[in-house]
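A, B, ... follow the sequence lines: proteins, then strands. Residue 1 opens every chain. Worth knowing before you read on, the calculation uses all heavy atoms, side chains too, and leaves out hydrogens, waters and symmetry mates.
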2 protein chains.
Amino acid sequence: MKSMASTSEKILDIAQSLIVAGGYNGFSYADISAAIGIRKASIHHHFPTKAELVAVLVDRYRGQAEAGLSSLRSQVASPDEQLQAYLRYWDTCIRDASQPFCVCAMLAGEMQMLPDEVASRVRAHFQSLATWLAAVLSAGAEQGLFRLNRSPEEEAQMLMASVHGAMLSARAFDDPGLFIAIISSQIAKLTK
Amino acid sequence: MKSMASTSEKILDIAQSLIVAGGYNGFSYADISAAIGIRKASIHHHFPTKAELVAVLVDRYRGQAEAGLSSLRSQVASPDEQLQAYLRYWDTCIRDASQPFCVCAMLAGEMQMLPDEVASRVRAHFQSLATWLAAVLSAGAEQGLFRLNRSPEEEAQMLMASVHGAMLSARAFDDPGLFIAIISSQIAKLTK
DNA sequence: TGTTACCTTCCTACTAGTAGGTAGATTTTA
DNA sequence: TAAAATCTACCTACTAGTAGGAAGGTAACA
């Protein structure tokens, strides 16, 4: 029998889905309270302030993302398959509406008014994602799998921008298929 | 002497910059009130509800955007220069921090919790921007200026996603130069 | 063994402040 | 003078956050 999720993890789960739907200012302790059947004050017991809650949430997200990406690099052999797997992850999330948006991409838009402790963590996620993508592109280029027109770092930035922009478009047009339509063309240019 | 902006236009100006900074839930009537030295109730006189205010704001933005884009097509001869001008517009906005983000891109992220009257207008803006870009790419391809790997519509979607993703990246990394760095590579692939 | 102390978790009840919005009087302007 | 714009004063609902306590478990100890 699987160990049940702790209350604080349930709080983070709900908060994350609420942020993905409406951003930092788009949810309240009352929303979480209603969603998991616990009083507002009890949430404050686990996370004294909203800024702290979201900071912990981003830390957790970063940890999961980095674990996922690094296990991808160790378990999947070829760089182009690593890249495909990364993109397939988001495509699946968007299609089944489980996590139709990267929580850090959402928060990045609100950067200017985010508490410092949150903003710095969001920046850190983007940094490490860009680094991972650059490493994958670089390895792929060395093996002759990718044809890069720019440095791996620049291509990684472009790809990251496309992925997040494609998420935005898929949401704007309410069309999950749009994500992979936009991204697959992008990838085709790299692998051709 | 230039005609002074009316109160309602001042309200829209401030509201737009506040939305660009923090989204739909990131500003209040009190913020506008403080910014232009008018009471909250007076803002309600011009815009009874927040949803209406933002709907009018998006209508105005769409009007300005469509006017700008169509005058670009009539005043600038070549499609590649039309595209360059469009991208240069955003690059300038981001560099001088005047409008460092497209208000519709911002709102698109919050789509799920936007009032219908706002959401439909945001969608309409994305639709008409995609149409404009597709037309420019198509004309450029006919003149041998662009080398398209996909249909003009698909390439337009990709480009639009890249532009909005690049805005997000520039904001996340707090690096205005990142926008053009990401986009110029994208363009290079089209025009090569 | 029983008791005392402590800890975690959750609760009810509350605070000060802010949200969007309204009623009605007053001023400004055409 | 009539209409438009702004004001003061207020409302209800909600915001993040706090105070203080109840229930239950664990650990120390006499």
NZ/NE/NH1/NH2 to OD/OE distance under 4.0 Å, A/Arg123 and A/Asp116:
no
When rounded to the nearest 0.5 angstrom, what distance separates [atom1] in [X] from [atom2] in [Y]?
X	Y	atom1	atom2	answer
B/Ser42	B/Lys40	OG	NZ	11.0 Å
B/Glu155	B/Ser138	CD	OG	11.5 Å
A/Thr191	A/Leu145	OG1	CG	9.0 Å

Calculate the interatomic distance between [X] atom [atom1] and [N] atom [atom2]; express it in whole Å.
X	N	atom1	atom2	answer
A/Arg39	D/dA16	CZ	P	16 Å
A/Ile32	D/dG17	CD1	P	11 Å
B/His44	D/dC7	NE2	C1'	14 Å
B/Ile38	C/dT26	CD1	C1'	15 Å
A/Asp31	D/dC14	CG	P	10 Å
B/Lys50	D/dA13	NZ	P	19 Å

The nucleotide from D/dG17, C/dG21, D/dC7 with an atom nearest the side chain of B/Ser42 is D/dC7
Quick check for you: among C/dT22, D/dC7, D/dT6, whose closest atom lies nearest to any side-chain atom of B/Thr7?
D/dT6
OP1 or OP2 of [N] less than 4.0 angstrom from a side-chain nitrogen or oxygen of [X], does that happen here?
X	N	answer
A/His46	C/dC10	yes
A/Thr49	D/dA16	no
A/His45	C/dC10	no
A/Ser28	D/dT15	yes

Would you say CZ of B/Arg95 has more than 12 non-hydrogen atoms from neighbouring residues, nucleotides or ligands within 6.0 angstrom?
yes
Contact class for B/Phe47 (heavy atom, under 4.0 Å): base, sugar-phosphate, or nothing?
nothing
Categorize A/Ala41 for me: base, sugar-phosphate, or nothing, with a 4.0 angstrom heavy-atom threshold over every strand shown.
base
Can you check whether any acceptor in the base of D/dG17 is under 3.5 Å from a donor in the side chain of A/Lys40, or vice versa?
yes
